[in-house]
Amino acid sequence: MKKETPNFNDYPIRVPSIKTIDAKANALLDELKKVKDAQEAKVVIRKWNRFFQKVETEIGVISVKYTLDINNPKIKKAQDKCDEMRPLIANYYNAYQKILTSAPYRKSLEKAFGEYLFKMYDASLKGFDEKIIPDLIKENKLVSEYDAVMGGAQIPFRGETLNLSQLGKHLSSADREERKEAAIALDKWLGEHDETIGNIYDQMVKIRTEIARKLGYENYVELGYIFMGRTDYNAKDVANYRAQISREIVPVAQKLYKDQVKSLGIQNPQYFDYALRFKSGNAKPLGDEKVLVKAAREMYEEMSPETHEFFEFMLSHNLMDLTARKGKQPGGYCTFFPLYKSPFIFSNFNGTEGDANVLCHEGGHAFQAYLCANFKIPEYMNPTMESCEIHSMSMEFFAWPYIDKFFGDDADKYRFAHLSDAIEFLPYGITVDEFQHWVYEHPEATHEERCQVWKEIENRYTPHKKYDELPTLNSGRYWLRQGHIFSSPFYYIDYTLAQVVAFQFLVEDRINHEKAWEKYLKMTKCGGKYPFTELLRRNHLRNPFEEGNIAKVIKPLKRILASFDTEKFN
Ligand code: ZN
């Protein structure tokens, strides 16, 4: 079976035909309407899944090939066509789910496929109606507008013109003057684009609120949760969780920041100082893509037979495109082609410690996709986002014993920075989340009011951030550059939830590796069969929403942090 899987380079670029989709989907829907029992329904469901897995794969291949070659007009055209197709496909799925959820044989299908599948259908039906399609298209356009503003940034810096990611390197330079200059350049650029970006966001908030009201919700919050596929927790649970992070994690993060600037020897530290963790510079990977992939290959081979098989499959089928080059979209991601049962990892290696991290983090995502590739129910292949990030963030920690392969003498430096970053991320994560709740609960607020609220929340959770001489950032505008706030409302908290679970694997792995790995493997093989909190319960992991659990998770981490001899890093 595996041998027949084609190599990524040989995947054909085929734009699915709207006509074919239309005819096939309608024929299958008609057939489904006529079935008499669960047995007959299953036959149609199989046909439906087979057909749409092929369509999804074709669309997926085009979208990946586009990110690899964004200036290729042929692929761009294909990509645009696929974009237009998505609402249409959503519409067919809506009809399909409507038939299945109201069928007289629903109970027997639930027995065969699990109740959760139908819960997901029920939720997704609550979040869709044909009448919102034009609004969804408008919303997508606004997201593209935001991406265009950010992607097209041209920031003058020391005689050069840089984009945002190029400027990022200077923001974390070991030279303080350089960091400061870069921060001033960024602040100026943000100030010049404040009105444009603020206006785009205002339109987004209004249109999302409009969509929510058309579907019968008071505001966008509840609908946003439905769009995230959350069936087992609500905004109140998340608010309680944020309160725990605020109480238990914020002080630990503040202590880490304090120690950091002390060892850097900086007086009156500013926000741009925190990007440099050690006076001697951040951990450096041992080499480029070739060196790091070799390290990852050894790591996955030693880790387990399953990871070994997985990574060899990735390599032999050319399922990774890792190094930055001209014409490639920025960023990194992992995706999956159901027809070929193949994950794919995209990244932009640039010689920093992040490169090694990609091979662990995206490797974790890809490993899960690989393990669940043969699921009969495609809806169960991919979990909701907070569960997805457990696979990847935990893999980052299971990589700890092998980190020397990537960083040599800098391995401990990397480990300490990795854990510190992960802890420090939580207060920022809840800032982004709390801000969005406020925004969608107050859709009539002005841009200026939103910025004031951001500043207030930011001061509460990350009080170390100082923006003297940076008037734009100092006026509560840091969020303008946080893409998730624009493109994926309410998504951000998922990273923090997963992080809290991944911490548990780090701790357990150090106590009993075999047991921890077995637990991870069992959890990962569940794929998306269960909602987040049930996945945790079934795998004996602490639920971040439960009062007291954040305190329990952070306690052993403090001990791990204290075990590093940080003096030697400077
Ligand atoms: Zn991820």
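Start at 1 and go down the list; that is how both ligands and their atoms are numbered.
In this structure, the ring of Phe397 has its center no less than 6.0 angstrom from the ring center of Phe505. For an aromatic pair to be called close, the ring centres must be under 6.0 Å apart, and Phe337 with Tyr11 satisfies this. Ring centers of Tyr440 and Phe490: under 6.0 Å apart, within the cut-off.
Between Leu319 and Phe313, some side-chain heavy-atom pair lies under the 4.5 Å cut-off.
Residue contacts to the Zn ion (ligand 1): His361 brings an N, O or S atom closer than 2.8 Å. Among the atoms of His365, an N, O or S atom falls under 2.8 Å of the Zn ion (ligand 1). Counting backbone and side-chain atoms alike, Glu389 contributes an N/O/S atom closer than 2.8 Å to the Zn ion (ligand 1).
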